[in-house]
Participant: 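The structure under discussion is supplied below as structure tokens; questions concerning it will follow.
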Amino acid sequence: MAHPLPGLAFERARRFTTVGMTERLDATVALVTGASSGIGEATARALAARGAAVALAARRKDRLDTLAKEIGEAGGRALVIQADVTDRDQAVAAVTRTVEELGRLDTVVNNAGVMLLGPIVDAPVEEWDRMVGLNVQGLLYVAHAALPHLLDAAESSGRRVADLVNISSVAGRVARSGSGVYNLTKHGVGAFSESLRQEVTGRHVRVSLVEPGAVDTELRTHLGPAGREVVERRFSAIEVLQAPDIADAVEYIVTRPRHVAVNEILIRPTEQEG
Ligand SMILES: NC(=O)c1ccc[n+]([C@@H]2O[C@H](COP(=O)([O-])OP(=O)(O)OC[C@H]3O[C@@H](n4cnc5c(N)ncnc54)[C@H](OP(=O)(O)O)[C@@H]3O)[C@@H](O)[C@H]2O)c1
């Protein structure tokens with residue numbers, strides 16, 4: 001029997017197809033902070049493979065140069081931006097250079113972060129400064145500088161949507177002894193992201209939060225003995241995630257159709273309990 005409303009049936013079918021569809025990112029520009037290793041590096045690679053021109057920001061230029069070369073050889077386009085995003089001027093300059101040299105800004109992956117675990121009592125306060133300076137202030141500086149460009153892209157680009165993806169953590173949802181200030185920074189990222197989401201979602205800038213569990217990256221190499229002990233205790237017996245597992249999630253978020261906003265993705269290794 002024919003559908004009583006054939007136009008409606010067609011529209012539904014079209015929508016279901018669209019939802020499953022994976023979009024290309026051709027003619028879009030993405031800025032990834034912390035692109036010199038781990039999750040940022042994998043994400044930049046994934047977005048470039050989808051067709052985005054990618055600005056790669058971090059402090060280690062040699063690592064960014066290597067990644068840019070790899071992306072270029074695969075037929076993509078990458079811009080290396082050596083920047084310490086805890087310095088507001090450098091964070092703003094990273095955004096400005098992206099727009100000046102790549103022409104626009106459709107996607108920001110606010111990923112640069114540091115995790116310095118250990119007890120709060122007698123903690124080296126400079127470690128707290130480093131975490132707050134990067135995980136909170138650096139992320140804010142990049143978001144603030146990028147938002148006018150993302151709003152512009154959402155209004156005037158062919159896709160008429162733009163994305164700000166903030167990388168938080170399971171530590172942004174669950175507080176634990178030994179992670180107090182890291183918990184503080186990542187809970188802050190979650191609160192900020194939700195507030196900003198409500199502010200700009202009507203203008204088609206999607207603000208998303210990605211919350212990884214344990215991922216095999218260089219993050220743990222910055223830990224002192226106390227922090228290393230915390231991580232060893234929790235994760236030495238399980239199969240942890242790899243950086244491309246998280247890049248997959250970011251790729252999924254930014255390739256949804258305009259009417260679909262994936263607000264939050266929590267990804268743990270299967271064996272990670274808490
Ligand atoms: N690995 C995990 O288990 C895990 C779990 C949950 C959440 N996360 C989050 O994932 C994000 C990425 O971490 P990762 O695991 O991929 O660790 P990673 O391999 O250590 O990567 C951190 C990145 O941040 C960059 N960075 C550090 N300080 C910076 C600064 N001042 N300015 C600009 N860039 C800076 C580093 O590059 P340079 O040193 O070259 O500047 C590096 O590219 C972080 O926000 C982290 O909190 C990780």
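In this chain, numbering begins with 1 at the start of the sequence shown. Every number for a ligand or one of its atoms is a count from 1 in the order of the listing.
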Participant: Under 4.0 Å from ligand 1, counting heavy atoms only, is it the side chain of Val114, its backbone, both or neither?
Facilitator: neither
Participant: How far is atom 36 (C) of ligand 1 from its nearest protein heavy atom, and which residue and atom is that?
Facilitator: Ser36 OG, 3.8 Å
Participant: Mind checking the CG-CG spacing from Asp163 to Leu150? Nearest 0.5 Å is all I need.
Facilitator: 8.5 Å
Participant: If you have a sec, work out which protein heavy atom is nearest atom 19 (O) of ligand 1 and how many Å separate them, to one decimal?
Facilitator: Ser37 OG, 2.8 Å
Participant: Strictly under 4.0 Å, does any heavy atom of His222 approach an atom of ligand 1?
Facilitator: yes
Participant: Report yes or no: does Ala171 have a heavy atom closer than 4.0 Å to ligand 1?
Facilitator: no
Participant: Would you kindly specify which portion of Ala214 sits under 4.0 Å from ligand 1, judged on non-hydrogen atoms: side chain, backbone, both or neither?
Facilitator: backbone
Participant: What about Ala58: any of its N or O atoms under 3.5 Å from an N or O on ligand 1?
Facilitator: no
Participant: Is a salt bridge present between Arg197 and Glu264, judged by a nitrogen-to-oxygen distance below 4.0 Å?
Facilitator: no
Participant: Under 4.0 Å from ligand 1, counting heavy atoms only, is it the side chain of Lys186, its backbone, both or neither?
Facilitator: side chain
Participant: Has Gly213 got any heavy atom lying under 4.0 angstrom from an atom of ligand 1?
Facilitator: yes
Participant: Ligand 1 and Gly34, any nitrogen or oxygen pair closer than 3.5 angstrom?
Facilitator: yes
Participant: Between Glu127 and Arg130, does at least one N-O distance fall below 4.0 Å, as a salt bridge requires?
Facilitator: no
Participant: As an exercise, identify every atom of ligand 1 less than 4.0 angstrom from a heavy atom of Gly38.
Facilitator: 16 (O), 19 (O)
Participant: Determine whether any heavy atom of Gly138 lies closer than 4.0 Å to an atom of ligand 1.
Facilitator: no
Participant: Determine whether the side chain, the backbone, both or neither of Ser168 has a heavy atom under 4.0 Å from any heavy atom of ligand 1.
Facilitator: backbone
Participant: Relative to ligand 1, is Tyr182 under 4.0 angstrom through side chain, backbone, both or neither, heavy atoms considered?
Facilitator: side chain
Participant: Quick one: does any side-chain atom of Gln272 pair with a main-chain N or O of Ala214 as donor and acceptor, under 3.5 Å?
Facilitator: yes
Participant: Is any N or O atom of Arg60, backbone or side chain, closer than 3.5 Å to an N or O atom of ligand 1?
Facilitator: yes
Participant: Any nitrogen or oxygen of Val85, side chain or backbone, less than 3.5 Å from one on ligand 1?
Facilitator: yes
Participant: Around atom CD of Glu239, are there more than 12 heavy atoms from other residues, nucleotides or ligands closer than 6.0 Å?
Facilitator: no
Participant: So if I count the atoms of ligand 1 from 1 in the order they appear, which ones are less than 4.0 Å from some heavy atom of Thr86?
Facilitator: 31 (N)
Participant: Looking only at non-hydrogen atoms, find the nearest pair between Asp106 and Ser157 and report the distance.
Facilitator: OD1-CB, 4.1 Å
